[in-house]
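We count ligands from 1, going down the list as the structure has it; atoms in each ligand are counted the same way.
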Amino acid sequence: MTIKLTYWSIRGLGEPIRHLLRYQNQEWEDNTPTTHREYLSQRDQDDLPFGNLPFIQDGDKKITQSITIMRYLGRKFGLFPEYPEDLVFCEIVEQEIYDLRNRLTAACYDPYKRMGPFPGSEVGVFDHEYLKGSLRKRLTERVKKFDKTLTKTFLLGDSPVYVDFLLFEYLDQLRLFLPEAFEGSTNVLSYIVRFKELPNLKPWFESEEYNRGNYINAPHAVWNGKD
Ligand SMILES: N[C@@H](CCC(=O)N[C@@H](CS)C(=O)NCC(=O)O)C(=O)O
């Protein structure tokens, strides 16, 4: 059965989901709202108690929150850690990479640009270069920790689990933003290369659509906004 993914037509928080579905050779349909009204009507459905994007529909199940979606798909497709201690480790890594990815988002989007000035707000406080510098410092320290962690082919062993799909995508987004933070971290860099060689994913990473790039963020982002 086809899975429906409702999200913007960007990598954003949706791409780990797409990578996992590609790897599984699972048919899916990208459902992209094209107007604000459509976006709200997709998001605010009665059976989505905390409507947000991305969300997936799998049969009669509708699921929001990108990490919950990844865990759900991981369980569905047998890409879930078997042992409790492995799961704890995966969840730590999952949250760690999500924290870094949130900092990337904060550095890329001026909140006032999209939402307009609020009464009493500090318009003009957004400082891309400052936030980028602060992320550079944190990332340089964190990438070294990932380098010590990524000693196997994938996070837990020879084959990927759901967290690898998050980890690859957000490491790759961060690497494109701040390549200097990854210098010398050979385990991380070779992990990124290895992921791109996975069955079913290799053709995607060699495709024209992927190599055109420039679509990590929404159009109003300061960096890598979709044309
Ligand atoms: N914690 C949520 C964050 C979702 C989120 O911020 N989604 C953005 C796009 S990346 C959005 O446009 N959400 C729509 C909304 O908040 O109305 C997740 O991981 O799914």
Side-chain angles (χ1 to χ4, degrees), residues 3-22 28-58 61-77 79-80 87 90-116 118 121 126 128 131-132 135 142 155 161-177 210 213-227:
I3 290 178
K4 189 162 149 185
L5 167 63
T6 301
Y7 192 55
W8 309 111
S9 59
I10 56 170
R11 282 166 70 169
L13 296 175
E15 204 65 4
I17 302 170
R18 297 189 187 105
H19 289 324
L20 193 154
L21 295 172
R22 275 185 195 108
W28 89 89
E29 177 198 339
D30 273 311
N31 174 41
T32 307
T34 49
T35 62
H36 191 68
R37 181 191 286 240
E38 197 189 325
Y39 144 65
L40 289 179
S41 71
Q42 295 278 357
R43 192 195 64 171
D44 298 328
Q45 301 180 39
D46 288 344
D47 50 0
L48 279 180
F50 296 98
N52 211 330
L53 270 57
F55 73 88
I56 61 160
Q57 178 160 7
D58 183 18
K61 290 186 203 69
K62 286 187 185 172
I63 305 166
T64 52
Q65 288 297 344
S66 57
I67 289 181
T68 305
I69 295 169
M70 292 302 287
R71 290 183 189 164
Y72 168 82
L73 294 174
R75 280 189 292 266
K76 180 180 171 93
F77 292 115
L79 301 168
F80 208 71
L87 179 57
C90 280
E91 287 176 349
I92 292 168
V93 172
E94 156 207 288
Q95 294 299 312
E96 196 56 52
I97 196 66
Y98 199 71
D99 284 353
L100 290 168
R101 203 265 167 197
N102 277 340
R103 283 175 174 240
L104 170 65
T105 305
C108 287
Y109 292 95
D110 177 351
Y112 299 102
K113 213 170 171 182
R114 186 164 183 209
M115 296 184 249
F118 311 107
S121 68
F126 178 73
H128 171 68
L131 292 166
K132 186 175 178 179
L135 174 56
R142 265 8 217 185
L155 187 62
V161 288
Y162 80 96
V163 193
D164 285 289
F165 297 85
L166 288 160
L167 191 53
F168 159 77
E169 177 59 23
Y170 299 150
L171 283 173
D172 198 44
Q173 293 186 12
L174 289 156
R175 180 187 62 88
L176 290 165
F177 187 53
Y210 172 76
N214 190 34
Y215 70 121
I216 288 177
N217 289 315
H220 55 281
V222 177
W223 174 80
N224 211 298
K226 191 177 168 76
D227 287 336

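Atoms of ligand 1 found under 4.0 Å from any heavy atom of Arg43, numbered from 1 in the order shown, are 15 (C), 17 (O). Atoms of ligand 1 lying under 4.0 Å from at least one heavy atom of Tyr7, given by number and element, are 9 (C), 10 (S). Of all atoms in ligand 1, numbered sequentially from 1 with element shown, those under 4.0 Å from a heavy atom of Pro54 are 20 (O). Interface of Tyr39 with ligand 1, defined as ligand atoms under 4.0 Å from a residue heavy atom, comprises 14 (C), 15 (C), 17 (O).
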Can you list the steps and then say if Glu169 with Arg101 is a salt bridge (charged side-chain N to carboxylate O under 4.0 Å, His left out)? CA-CA 10 Å; Glu169 177 59 23; Arg101 203 265 167 197; over 6 Å; no
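Residue Glu94 holds its CD atom at 6.5 Å from CG of Leu166, rounded to the nearest 0.5 Å. Considering CG of Asp58 and CG of Leu5, their distance stands at 12.0 Å, rounded to 0.5 Å. Here the straight-line distance linking atom CD1 of Ile56 with atom CH2 of Trp28 works out to 12.5 Å at 0.5 Å rounding.
Residue-to-ligand polar distances keep Ile67 apart from ligand 1: every N/O pair is separated by 3.5 Å or more. Polar contact with ligand 1: present for Tyr98 (N/O pair, distance under 3.5 Å).
Residue contacts with ligand 1 include Leu13, since one of its heavy atoms falls under 4.0 Å from the ligand. In this structure, Gly12 has no heavy atom closer than 4.0 Å to ligand 1. Contact between Phe55 and ligand 1 is absent, with no heavy atom of the residue lying under 4.0 Å from the ligand.
Taking each of Gln65, Arg101, Met70, Gln42 in turn, the one with a heavy atom nearest to atom 1 (N) of ligand 1 proves to be Gln65.
For the pair Lys61 and Tyr72, the cation-pi test (distance below 6.0 Å, angle within 45°) is failed.
Residues passing the side chain to side chain contact (heavy atoms under 4.5 Å, CB included) test with Glu38, sequence neighbours excluded: Pro33, Thr34, Thr35, Gln42. The ring pair (Phe, Tyr, Trp, His ring centres under 6.0 Å) search around Phe80 returns Tyr162, not counting sequence neighbours.
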